[in-house]
Amino acid sequence: MSDTSSRLRIVWIYPDLLSTYGDRGNVLILRRRAELRGIPTETIHVHSSDRVPVEGDIYLIGGGEDRPQILAAERLRADGGLKRAAERGAAILAICAGYQIIGESYGDDADNPLPGLGILDIRSGRGTSRAVGEIVADVDPGLGVGRITGFENHQGRTALGPSARPFSTTVRGVGNDGATEGAYQGQVIGTYLHGPALPRNPALADLLLRMRVGDIPPLQRSWGDALHEERLAAVL
Ligand code: GLN
């Protein structure tokens, strides 16, 4: 955790611009699963008029429509805080529009390339069709997350550069390109999974916690595990 605080600092980036499909649920689940392990937390909501603090432990950045996405990217680029936080070793979970804008570039609503934050070695453009619906994917086995479930709704398609690795292999749905879903690089994870992703995938929340606090004990089975299983059964 950050040297300056004994609390795990969870930073939610731009709830006013990037919060489609219940992104707040990701914040709540992360906090809850930390506190059930006796890890005190502090949650910081950073609106688009605020500076992004650099001392956070875990940053969450959500999905958004095309125009709010552009505004968010411009403000985050001008602010510089999220990139500095990544350089300091913070964990980041970026969803859909958030995933696209932490990359090198992404397409606007006419598919003109716009600069991203350059945190993740990915480039996104627009596909010929919109990817909408339930998505299931198998996370890179090295990350210990297993199969994940979510909901996708995006026009963008994403290509990975050599520094980023596919976060998962698509079982159902589209993700990056119909074959892989999301990307990760160090402690930075990007994914197309809404849902919201963490309530539907408690193991993904625990991966983010492990990135900052190390080993954590398993928790008793909860409604989150039941939701995870129910969503997989409904789709497959
Ligand atoms: N606007 C982006 C796209 O359509 C991201 C959408 C989203 O965040 N759901 O690709």
Side-chain angles (χ1 to χ4, degrees), residues 1-13 15 18-19 22-46 52-63 81-82 84-96 98-99 102 119-120 137-150 165 167-168 181-229 231:
M1 286 186 269
S2 15
D3 304 337
T4 51
S5 162
S6 57
R7 290 176 179 272
L8 183 81
R9 292 188 179 182
I10 299 168
V11 183
W12 186 16
I13 299 290
L18 299 174
S19 180
D23 287 285
R24 182 164 178 266
N26 294 329
V27 181
L28 297 177
I29 288 297
L30 205 50
R31 197 167 72 196
R32 176 79 180 144
R33 293 185 76 82
E35 289 178 348
L36 284 171
R37 270 86 173 218
I39 302 165
T41 65
E42 177 184 351
T43 305
I44 304 158
H45 291 191
V46 180
V52 177
V54 298
E55 321 77 25
D57 290 292
I58 304 175
Y59 290 73
L60 299 169
I61 173 166
L82 187 60
R84 284 206 301 284
E87 287 161 358
R88 293 176 82 247
I92 299 178
L93 177 70
I95 310 277
C96 206
Y99 170 43
I102 67 167
I119 294 173
L120 200 52
D138 288 328
V139 174
D140 183 329
L143 297 176
V145 172
R147 183 160 280 187
I148 51 174
T149 155
R165 296 169 67 100
F167 178 58
S168 60
E181 196 302 298
Y184 74 100
Q185 194 172 328
Q187 311 225 102
V188 179
I189 300 172
T191 174
Y192 274 110
L193 269 67
H194 289 283
L198 299 187
R200 285 171 70 142
N201 301 286
L204 180 51
D206 287 354
L207 170 64
L208 292 166
L209 294 176
R210 278 199 308 275
M211 283 176 167
R212 289 303 293 182
V213 302
D215 282 346
I216 43 175
L219 293 178
Q220 282 186 341
R221 184 181 154 79
S222 71
W223 62 265
D225 301 292
L227 175 65
H228 180 77
E229 288 157 19
R231 284 292 82 206

Stepwise side-chain contact (heavy atoms from CB on, under 4.5 Å) test for I58 and L8: CA-CA 8 Å; I58 304 175; L8 183 81; 4.1 Å; yes

Within 6.0 Å of CZ in R37, more than 12 heavy atoms from elsewhere: yes

Shortest non-hydrogen contact from [X] to [Y]?
X	Y	result
I92	L82	CD1-CD1, 4.0 Å
G224	P202	C-CG, 3.8 Å
A205	I29	CB-CG2, 4.0 Å
L18	W12	O-NE1, 4.3 Å
Y59	V54	OH-C, 3.3 Å
A203	V145	CB-O, 3.7 Å

Under 3.5 Å donor-acceptor, [X] side chain and [Y] backbone:
X	Y	answer
Q187	G89	yes
T191	G182	no
R7	P40	no

Set of residues satisfying ring-ring contact (aromatic ring centres under 6.0 Å, His included) with respect to Y99, sequence neighbours excluded: Y192

Quick one: [atom1] on [X] to [atom2] on [Y], what's the gap to the nearest 0.5 Å?
X	Y	atom1	atom2	value
L60	H45	CG	NE2	9.5 Å
N26	I10	CG	CD1	11.0 Å
I102	I13	CD1	CD1	11.0 Å
R147	H228	CZ	NE2	9.0 Å
M211	I189	CE	CD1	4.0 Å
R212	L30	CZ	CG	12.0 Å

For E87, salt bridge (Lys or Arg N to Asp or Glu O under 4.0 Å) partners two or more places apart: none

Test side chain to side chain donor-acceptor pair (under 3.5 Å) applied to T41 and R31, step by step: CA-CA 6 Å; T41 65; R31 197 167 72 196; 4.7 Å; no

Given L208, L28, D206, the one that forms side chain to side chain contact (heavy atoms under 4.5 Å, CB included) with R33: D206

Single hit among N201, L204, I95 for side chain to side chain contact (heavy atoms under 4.5 Å, CB included) with L193: N201

Side chains of H194 and C96 in contact at under 4.5 Å (non-hydrogen atoms): yes

